[in-house]
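Accompanying notes for the structure given below.
Source: prediction; values computed, not measured.
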2 protein chains.
Amino acid sequence: MANEIKAELAAGKLAEYEQLSKIYDDIVKHAKPRLTVEGQGKILLALSDEDHQSQRELATRLGISPQSTSEFVYKLVKRNLVTLTKSPKDKRVNLVNLTNEGRQEIESAAQEVPPFLKALSDTEMDQLSSLLNKITTAMYEDIDAANPTLGVKFHKLFASRYLKQFKK
Amino acid sequence: MANEIKAELAAGKLAEYEQLSKIYDDIVKHAKPRLTVEGQGKILLALSDEDHQSQRELATRLGISPQSTSEFVYKLVKRNLVTLTKSPKDKRVNLVNLTNEGRQEIESAAQEVPPFLKALSDTEMDQLSSLLNKITTAMYEDIDAANPTLGVKFHKLFASRYLKQFKK
DNA sequence: AATATATAATAAGGGCACCTGATTATATTG
DNA sequence: CAATATAATCAGGTGCCCTTATTATATATT
């Protein structure tokens, strides 16, 4: 079937892109490294969307265990990017707050346009956005079906990032 | 500038896709997990392209340290996916060889079309392949400029994967 | 109020992908 | 043959994650 081959080709290209992008940042140095959407970076991202969340909230929202969340928060505290304050309402909970440095960190690492995207024309840029949008929408649906508490949160988290760019 | 905004949007969507795909496999279970293109998976992939390479060759080709290579190979040996044989020409070198299980592992984990791609029509599939092709080509150029010994090898490595699919 | 149970966070320990700095064989070369 | 280069390994470390206790603090039940 011709369409099966098309799909396999697209899947292969997508896999290739993913793999390449893993090594791209290592090898092709940027002035400012991209904000990593893992671990500590995830926490920062979530806080930039909504500050003063409890670790429990962060964990649930980001789909990582509370233990890992605690670890990342601890590391961020050491880097002076967040502070912890005990909630007065519930002495069990630690609220995680962005410091000015933390906010700056997010700002300075704001999504830059990677150099390799310059290879596309305006029209192609539009096409790519639209295709990726269909793909991510489908992914959110699958993720949501598998774990209803997660998908929407992520969407919101990412959406807030583009919005910030448009405001400027 | 309008085109700058288009580029930022595309960059954001790409980042979103990357992040989502990281958690997709965890949450949306597949019968067969995708062959991971990291660590042990990288080694297998390189061997499927060309068997009986020395660890040194693998390390250079994959852009990872010889020490890490040794570690991954060791783990693959424990999983019976590769064997080590001393080169008769140079007793220092260990040749890494795929076992039948190893070959099967690669085969069975061959790139399946992820469910979320089904959201695209044939035409869109073509568009996506073509766009990604432009992007990866640009990435290879950047990578090659930064580290001339690496890019082409990677390209060959990935290219061999699609080709296999077309043969069927 | 007193006990039982639920919940937030931490501690402890483990796995995987990498890395750097020795160290040990084995080659090659002057 | 001594000096140097090279393949691989050992030891130890970082970052991202996880699971299984354990410790406080809350809330519910009797």
Same apolar cluster: B:Val93 and B:Val96, side chain cutoff 4.5 Å: no
Sugar-phosphate only, base, or nothing, as touched by A:Thr69 at under 4.0 Å among non-hydrogen atoms: nothing
Spacing of B:Tyr74 atom OH relative to C:dC16 atom P, expressed in whole Å: 12 Å
Lys/Arg N to Asp/Glu carboxylate O, B:Lys75 vs B:Glu71, below 4.0 Å: yes
Residue whose nearest DNA chain D nucleotide is more 5′ - B:Pro66 or A:Ser87: B:Pro66
A:Gln40 side-chain N/O to D:dC16 phosphate OP1/OP2 under 4.0 Å: yes
Toward the 5' end of DNA chain D, by each residue's nearest nucleotide, A:Lys91 or A:Phe72: A:Phe72
Given D:dC17, D:dA8, C:dA9, the nucleotide with the shortest approach to the side chain of A:Lys42: D:dC17
Any A:Gln67 side-chain N or O less than 4.0 Å from OP1/OP2 of D:dT20: no
OP1 or OP2 of D:dC18 under 4.0 Å from side-chain N/O of A:Ser68: yes
B:Gln55 CD - C:dA25 C1' separation (whole Å): 14 Å
Interatomic distance, B:Leu45 CG vs C:dA17 P [rounded to whole Å]: 14 Å
Among C:dT10, C:dC18, D:dC18, the one nearest A:Asn94 by side-chain distance: C:dT10
Rounded distance (Å) that lies between atom C1' of D:dA8 and atom CD of B:Gln53: 16 Å
Distance, rounded to the nearest Å, where B:Leu95 contributes CG and C:dT26 contributes P: 16 Å
Selected nucleotide, minimal atom distance to A:Ser65 side chain, candidates D:dA26, D:dA8, D:dT19: D:dT19
Residue A:Lys75, side-chain heavy atoms: nucleotide from D:dT9, D:dC16, D:dC18 that is nearest: D:dC16
B:Ser21 vs A:Met139 side-chain heavy atoms within contact, under 4.5 Å: yes
B:Ile64 CD1 - C:dA17 P separation (whole Å): 10 Å
Side chain to side chain contact (heavy atoms under 4.5 Å, CB included) partner of A:Gln53, the single match among A:Glu57, A:Arg56, A:Gln55: A:Glu57
Nearest-nucleotide pick for A:Val93, side chain only, options being C:dA9, C:dT26, D:dC10: C:dA9
Identified side-chain hydrogen bond (donor to acceptor under 3.5 Å, both in side chains) counterpart of B:Lys6 within the set A:Thr123, A:Asp126, A:Asp122: A:Asp126
Any A:Arg92 side-chain nitrogen or oxygen under 4.0 Å from OP1 or OP2 of D:dA24: no
Residues B:Arg79 and B:Glu105 bridged, charged N to O under 4.0 Å: yes
Nucleotide C:dC16, atom C1' - distance to NZ of B:Lys78 in whole Å: 12 Å
Sugar-phosphate, base or nothing in reach of A:Glu71, heavy atoms under 4.0 Å: base
Atom-to-atom span, NZ of B:Lys86 to P of D:dA8 - whole angstrom: 8 Å
